[in-house]
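For reference, the structure discussed in these notes is given below.
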Amino acid sequence: MLVLVINCGSSSVKYNLIDSANETDVCKGMVERIGAVTSIVKHEPTEGSRRKETKVISSHTEALQEILDYLMSPSNKIISSAADIKAVGHRVVHGGEKFKDAVLIDDEVKEAIKQAFDLAPLHNPPNLKGIEAAEDRLPDIPQVAVFDTAFHHSIPPHAYLYGIPNRLYRRHKIRKYGFHGTSHYFVSRQYYKLTDKSKTETRVISCHLGNGASIAAIKGGDSIDTSMGFTPLSGMVMGTRSGDLDPSILFYIMEKEEIQLNSLHAMLNRHSGLLGLSGYASDMRDLIAEASNGDRRCQQAIDVFCYDIKKYVGTYIGVMNGCDAILFTAGIGENSSLIRKKALADMENLGIEIDEIRNENVQPGEITKISADSSTIEVYVVPTNEELVIAIDAAKIASASGQTPWL
Ligand code: ADP
């Protein structure tokens with residue numbers, strides 16, 4: 001069953017056309033810089049040559065039409081008509097407290113996504129634009145929303161409540177939600193396929209380390225805590241996001257730097273993290289290269305990042321009274337042996353020992369054990385595939401919805 005997975009940003013539409021039955025990618029690509037003088041369009045079919053071009057694309061609806069035109073074009077032979085697509089799966093970042101699972105989109109769901117605009121102002125508005133564009137261009141095809149927050153619904157109140165007046169939770173739903181749920185879900189399920197232990201007995205720590213980064217404690221298959229919180233700004237230090245701060249620092253910065261809330265928001269989201277610490281780059285590859293040339297601030301940024309990972313891993317071992325496996329995923333987690341090694345160094349008293357040779361020989365795209373045989377906690381690199389989770393959820397929900405005339 002072909003599912004179109006859509007992930008919309010404020011000026012971009014990323015897509016994956018996935019065969020959910022075989023769990024394979026058919027084509028992927030993106031339209032970037034929507035609304036700019038020229039937009040960039042990229043397509044990468046699994047079979048066939050890649051294409052990159054510039055065009056004028058002024059809205060998300062036009063971007064989606066561009067994608068459909070490419071997929072349906074007789075010269076590309078990817079699909080013969082839009083009706084070949086049996087479901088559209090939308091990544092929606094914030095589902096608030098309402099959505100514990102993926103859902104078929106109707107007016108009520110769209111209203112709830114809108115209600116969560118305040119909680120994820122950078123993400124939910126463009127996510128809704130993507131849904132409206134797909135409804136416009138693919139009106140007869142079931143649309144499904146898959147939420148980044150849903151997997152973390154199992155986090156108990158003692159872990160999701162903040163130490164602020166309880167009425168703020170009741171009135172404004174200020175609590176920890178957690179993000180990267182589809183990724184933490186996917187990599188933990190990949191681990192369950194490898195182990196003889198039953199899911200209910202396992203305790204897993206999943207480290208999703210990309211531009212955004214979060215760590216989750218997963219016990220018996222359920223998320224019981226995670227480093228991100230009310231928004232994706234909190235937790236460990238990230239590419240450009242600060243991660244956790246003493247809240248008093250915010251008042252202090254506003255006063256001393258004489259800046260307003262919106263500048264503070266931009267500073268914490270876009271100019272902090274690895275970029276802010278190093279004063280050089282947010283990209284881990286650039287930082288590693290510059291640190292090896294002797295740049296002290298780049299080295300410090302790497303040190304903070306690795307220390308944060310170690311801190312969460314140690315905390316979650318405590319929270320779960322032990323751990324069976326630590327999983328590394330996303331751009332940094334999958335590709336940087338240096339970060340993995342540094343983050344888990346000197347933890348042998350907790351039962352963590354990395355095998356240097358295994359760690360250095362991880363092949364891209366493969367699940368690889370990197371812990372030593374003597375390590376009581378196993379450590380794996382597990383490539384993530386959030387789009388596949390969205391495609392499978394969308395296929396399941398579309399099939400169950402009765403809106404599938406082909407069945
Ligand atoms: P996003 O959150 O945007 O999806 P990714 O999961 O693609 O991010 O991760 C991007 C990060 O992965 C960047 O910091 C990039 O430098 C890092 N990365 C990718 N390859 C490597 C590598 N070989 N070594 C170190 N870092 C890497």
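These numbers come from the heavy atoms of this one structure, side chains and all, not from hydrogens, waters or symmetry mates. In listed order, ligands and their atoms are each counted from 1.
Summary of contacts: the protein heavy atom closest to atom 27 (C) of ligand 1 is Arg285 CG, 3.6 Å. Summary of contacts: the protein heavy atom closest to atom 16 (O) of ligand 1 is Asp283 OD1, 2.4 Å. Ranking protein heavy atoms by distance to atom 14 (O) of ligand 1, first place goes to Met284 N, 3.0 Å. Protein heavy atom in closest approach to atom 17 (C) of ligand 1: Ile332 CG1, 3.5 Å. With respect to atom 22 (C) of ligand 1, the closest heavy atom belonging to the protein is Asn335 CB, 3.5 Å.
Checked options Leu277, Asp303, Leu287; the residue passing with Cys298 is Leu287 (criterion: side-chain contact (heavy atoms from CB on, under 4.5 Å)).
Residue Gly212 has at least one heavy-atom neighbour below 4.0 Å for each of these atoms of ligand 1: 2 (O).
Residues Glu44 and Lys42 are not paired through a salt bridge, judged by the lack of any N-O separation under 4.0 Å between the basic side chain and the carboxylate.
Considering Leu287, Ile339, Asn211 only, the shortest heavy-atom separation from atom 10 (C) of ligand 1 involves Asn211. The residue from Gly239, Gly210, Gly331 that puts a heavy atom closest to atom 18 (N) of ligand 1 is Gly331.
The cationic group of Arg175 lies under 6.0 Å from the six-membered ring centre of Tyr160 and within 45° of the ring axis, placing it in a cation-pi geometry.
Taking any N or O of Ser336, backbone or side chain, none lies under 3.5 Å from an N or O belonging to ligand 1.
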I'd like to know whether Tyr177 forms a ring pair (Phe, Tyr, Trp, His ring centres under 6.0 Å) with His94, so could you lay out the CA-CA distance, the side-chain angles of the two residues, the decisive distance to 0.1 Å, and finally the verdict. CA-CA 8 Å; Tyr177 290 97; His94 217 308; 4.6 Å; yes
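Side-chain atoms of His180 and Ser214 form a donor-acceptor pair, as typed in the model, at a separation below 3.5 Å.
Residues that satisfy the ring pair (Phe, Tyr, Trp, His ring centres under 6.0 Å) test with Tyr316, not counting sequence neighbours, are Tyr312. Residues satisfying the ring pair (Phe, Tyr, Trp, His ring centres under 6.0 Å) test with His43, not counting sequence neighbours, are Tyr15, Tyr70.
For atom 4 (O) of ligand 1, no protein heavy-atom neighbour is present inside the 4.0 Å cut-off.
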